Amino acid sequence: MKVLIVDDDRLVCTSLKIILEMDPDVEVLGIGNDGADAVTLYEEKKPDILLMDIRMKHMTGLEAAEKIFEKHKDAKILFLTTFSDNEYIIKALHMGARGYLLKQDYESIIPALRAVNMGQSVFGDEIISKLPDMIAKKPSVDYASFHINEKESEIIEKVADGLSNKEIAEEMYLSEGTVRNYLSTILEKLNLRDRTQLAIFYYKNR
């Protein structure tokens with residue numbers, strides 16, 4: 001698992017490199033100290049995962065991620081930051097980041113990297129705990145404007161509740177294949193990439 005580390009605190013970068021390379025399956029390809037470094041190093045190194053801070057001088061992690069996603073839609077970016085602002089969380093996940101962890105959760109970094117490398121999305125406990133507040137503060141979405149029908153909106157809600165395709169199929173008396181087809185159509189209509197982005201869309205607009 002090849003990882004890039006980008007953080008404007010050089011001590012944090014050095015500490016992360018030591019922690020990560022204690023795992024024999026992790027190789028740190030390089031270290032950067034701002035968003036511009038992240039963009040350049042990503043092009044040069046092509047890492048499996050970019051582990052990056054958000055608030056950095058010159059170019060933020062969010063700005064860097066946006067530039068990287070323009071060229072590499074499947075990039076796996078995991079944010080590791082001290083800031084749990086709702087605005088940052090929503091923007092990071094909406095643009096396609098694979099996770100959002102807080103720096104104090106050092107022991108969860110390697111498991112999170114493994115999960116992201118396997119295609120999963122990860123969130124720290126504090127981030128998950130903030131979702132209800134995000135839900136409460138957002139207006140409801142007009143699904144009709146996205147050409148989302150009633151059955152599709154029901155599937156969106158069940159995905160946001162954490163149900164698997166099998167569980168959705170059982171509850172709605174559909175086949176798993178039909179649920180997968182519905183989900184693909186929904187993601188295409190909303191211009192989203194995966195179930196995590198769909199859940200965040202629901203949380204933002206409920």
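The first residue in the sequence is number 1, and the count goes up from there. Keep in mind that the numbers below use all heavy atoms, side chains included, and drop hydrogens, waters and symmetry copies. Quantities reported herein were computed from a predicted structural model and do not represent experimental measurements.
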So with a 6.0 Å cut-off around [atom1] of [X], is the heavy-atom count from everything else above 12?
X      : atom1 : value
Glu188 : CD    : no
Lys103 : NZ    : yes
Asn191 : CG    : no

Quick one: closest heavy-atom pair of [X] and [Y], and the distance?
X      : Y      : value
Ala64  : Gly35  : CB-O, 3.5 Å
Tyr182 : Glu152 : CD2-CG, 3.8 Å
Ala199 : Ala160 : CB-CA, 4.1 Å
Tyr100 : Ala92  : CD1-CB, 4.0 Å
Thr82  : Leu102 : C-CD2, 4.3 Å
Arg98  : Asp74  : NH2-O, 4.4 Å

Any donor-acceptor pair under 3.5 Å linking the side chain of [X] with the backbone of [Y]?
X      : Y      : answer
Ser153 : Glu150 : yes
Gln197 : Arg193 : yes
Asp161 : Leu163 : no
Lys57  : Asp34  : no
Asp8   : Asn33  : no

Just how far is it from atom [atom1] of [X] to atom [atom2] of [Y], taken to the nearest 0.5 Å?
X      : Y      : atom1 : atom2 : value
Leu4   : Glu27  : CG    : CD    : 10.0 Å
Ile168 : Ile156 : CD1   : CD1   : 10.5 Å
Met56  : Leu62  : CE    : CG    : 8.5 Å
Ile186 : Arg195 : CD1   : CZ    : 10.0 Å
Ile77  : Glu66  : CD1   : CD    : 10.5 Å
Asp25  : Leu113 : CG    : CG    : 11.5 Å

Flag side-chain contact, heavy atom, 4.5 Å: [X] against [Y]:
X      : Y      : answer
Asp48  : Lys76  : no
Met172 : Val179 : no
Asp53  : Asp9   : no

remark   = Contacts of His58 meeting ring-ring contact (aromatic ring centres under 6.0 Å, His included) (sequence neighbours excluded), chain-then-number -> none
Which residues share a ring-ring contact (aromatic ring centres under 6.0 Å, His included) with Phe79, sequence neighbours left out = none
task = Apply side-chain contact (heavy atoms from CB on, under 4.5 Å) to Leu41 and Glu44, showing your working.
result = CA-CA 5 Å; Leu41 286 169; Glu44 291 177 358; 4.0 Å; yes
ask   = Given the rule in the side-chain contact (heavy atoms from CB on, under 4.5 Å) test, do Lys2 and Lys45 qualify, once you have shown the distances and angles that lead to the verdict?
value = CA-CA 9 Å; Lys2 298 178 180 180; Lys45 305 292 187 179; over 6 Å; no
ask   = Would you call Lys46 and Glu43 a salt bridge, using N to O less than 4.0 angstrom?
value = yes
Ile109 vs Leu51, side-chain contact (heavy atoms from CB on, under 4.5 Å): CA-CA, chis, key distance, verdict = CA-CA 9 Å; Ile109 295 175; Leu51 182 64; 4.1 Å; yes
query = Between Phe146 and Phe201, how do the two ring planes meet: parallel, tilted or perpendicular, split at 30° and 60°?
reply = perpendicular
query = Which residue, Ile68, Val6, Leu50, forms the side-chain contact (heavy atoms from CB on, under 4.5 Å) with Val39?
reply = Ile68
query = Lys151: what forms a salt bridge (Lys or Arg N to Asp or Glu O under 4.0 Å) with it, not counting sequence neighbours?
reply = none
inquiry  = Set out, in order, the CA-CA distance, both residues' side-chain angles and the distance that settles side-chain contact (heavy atoms from CB on, under 4.5 Å) for Tyr202 and Val159, then state yes or no.
reply    = CA-CA 9 Å; Tyr202 175 81; Val159 168; over 6 Å; no
